[in-house]
S.K.: 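Okay, handing you the structure first.
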Amino acid sequence: GAGVSQSPSNKVTEKGKDVELRCDPISGHTALYWYRQSLGQGLEFLIYFQGNSAPDKSGLPSDRFSAERTGGSVSTLTIQRTQQEDSAVYLCASSPKADRGGSPLHFGNGTRLTVT
Amino acid sequence: SQKIEQNSEALNIQEGKTATLTCNYTNYSPAYLQWYRQDPGRGPVFLLLIRENEKEKRKERLKVTFDTTLKQSLFHITASQPADSATYLCATWSSGTYKYIFGTGTRLKVLA
């Protein structure tokens with residue numbers, strides 16, 4: 001596809017369940033980011049991938065959150081034992097490279113997670 | 001800590017007027033600032049980048065300025081249209097890290 005694709009677009013889960021969120025970046029983009037956006041809040045950085053490695057996991061809120069990227073392409077964000085405070089929109093973005101030179105981020109439309 | 005701040009209050013303006021949005025940064029001297037547009041239910045879309053050595057950058061009806069003395073970037077939309085209604089975010093690279101930091105965004109509503 002032409003853009004960043006995220007699935008599912010909406011996910012409702014019960015507290016305590018595990019969820020997996022998927023991101024398909026733009027082909028050839030080596031940098032991949034996960035952000036979280038709560039209602040009325042800004043974008044909160046979660047994790048950054050360069051290729052398959054994650055040099056910066058500093059934004060993951062707790063050890064219930066993990067992410068991986070395979071083949072330098074698809075990434076999965078996993079939240080274990082979900083809590084109500086995990087409810088938010090999870091956004092994935094990719095970029096040709098993370099060169100600190102201002103390469104723009106290309107965002108997907110996010111997964112809206114609701115924990116009941 | 002490095003911080004980007006935008007006016008969180010919504011900005012309502014009349015169609016045809018110029019909208020001006022503000023992005024301030026503290027504890028930081030970014031090499032550039034980016035501006036994004038976000039519509040409800042969608043991810044942000046990149047609009048413009050301005051570097052610290054550029055005073056002004058234009059793209060169609062959009063104009064961005066960068067004042068390193070005031071530590072501020074202004075984003076202007078001239079001849080605004082109802083279709084310009086959205087939330088506008090500024091962002092920059094966080095020094096010493098691998099992440100972009102974003103402001104909370106300003107919601108613009110252009111009234112017909």
S.K.: With a 4.5 angstrom heavy-atom cut-off, could you sort out which part of A:Q6 is near chain B: side chain, backbone, both or neither?
M.R.: neither
S.K.: If a pair satisfies ring-ring contact (aromatic ring centres under 6.0 Å, His included) and one of its residues is in residues 37-62 of chain B, list it, with sequence neighbours excluded.
M.R.: B:Y36-B:F46
S.K.: Taking only heavy atoms into account, what residues of residues 47-56 of chain A are found under 4.5 Å from chain B?
M.R.: A:Y48, A:P55, A:D56
S.K.: Taking all non-hydrogen atoms of both residues, which atom of B:Y32 and which atom of B:T92 are closest, and how far apart?
M.R.: O-OG1, 2.5 Å
S.K.: If you tally heavy-atom pairs under 4.5 Å against chain B, which of A:L105, A:V89, A:V4 wins?
M.R.: A:L105
S.K.: Decide if atom CD of B:E9 counts as having more than 12 heavy atoms of other residues, nucleotides or ligands within a radius under 6.0 Å.
M.R.: no
S.K.: Does one side chain, of A:H106 or A:S94, offer a donor that lies under 3.5 Å from an acceptor on the other?
M.R.: no
S.K.: Side chains of residues 108-116 of chain A: which donor-acceptor partners sit under 3.5 Å, not counting sequence neighbours?
M.R.:
unit_1, atom_1, unit_2, atom_2, d
A:N109, OD1, B:G43, N, 3.1
A:T111, OG1, A:P8, O, 2.5
A:T116, OG1, A:T13, O, 3.3

S.K.: Go through the atoms of B:Q38 and report whether side chain, backbone, both or neither lie under 4.5 Å from a heavy atom of chain A.
M.R.: side chain
S.K.: Report which part of B:L89 has an atom under 4.5 Å of a heavy atom belonging to chain A: side chain, backbone, both, or neither.
M.R.: side chain
S.K.: Below 4.5 Å, heavy atoms only, C-beta onward: do B:Q72 and B:T22 meet side chain to side chain?
M.R.: yes
S.K.: Identify which part of A:S58 has an atom lying under 4.5 Å from any heavy atom of chain B, answering side chain, backbone, both or neither.
M.R.: side chain
S.K.: Would you kindly say whether B:S94 and B:Q2 are connected by a side-chain donor-acceptor distance under 3.5 Å?
M.R.: yes
S.K.: Could you list the residues that satisfy side-chain hydrogen bond (donor to acceptor under 3.5 Å, both in side chains) with A:R64, not counting sequence neighbours?
M.R.: A:D86
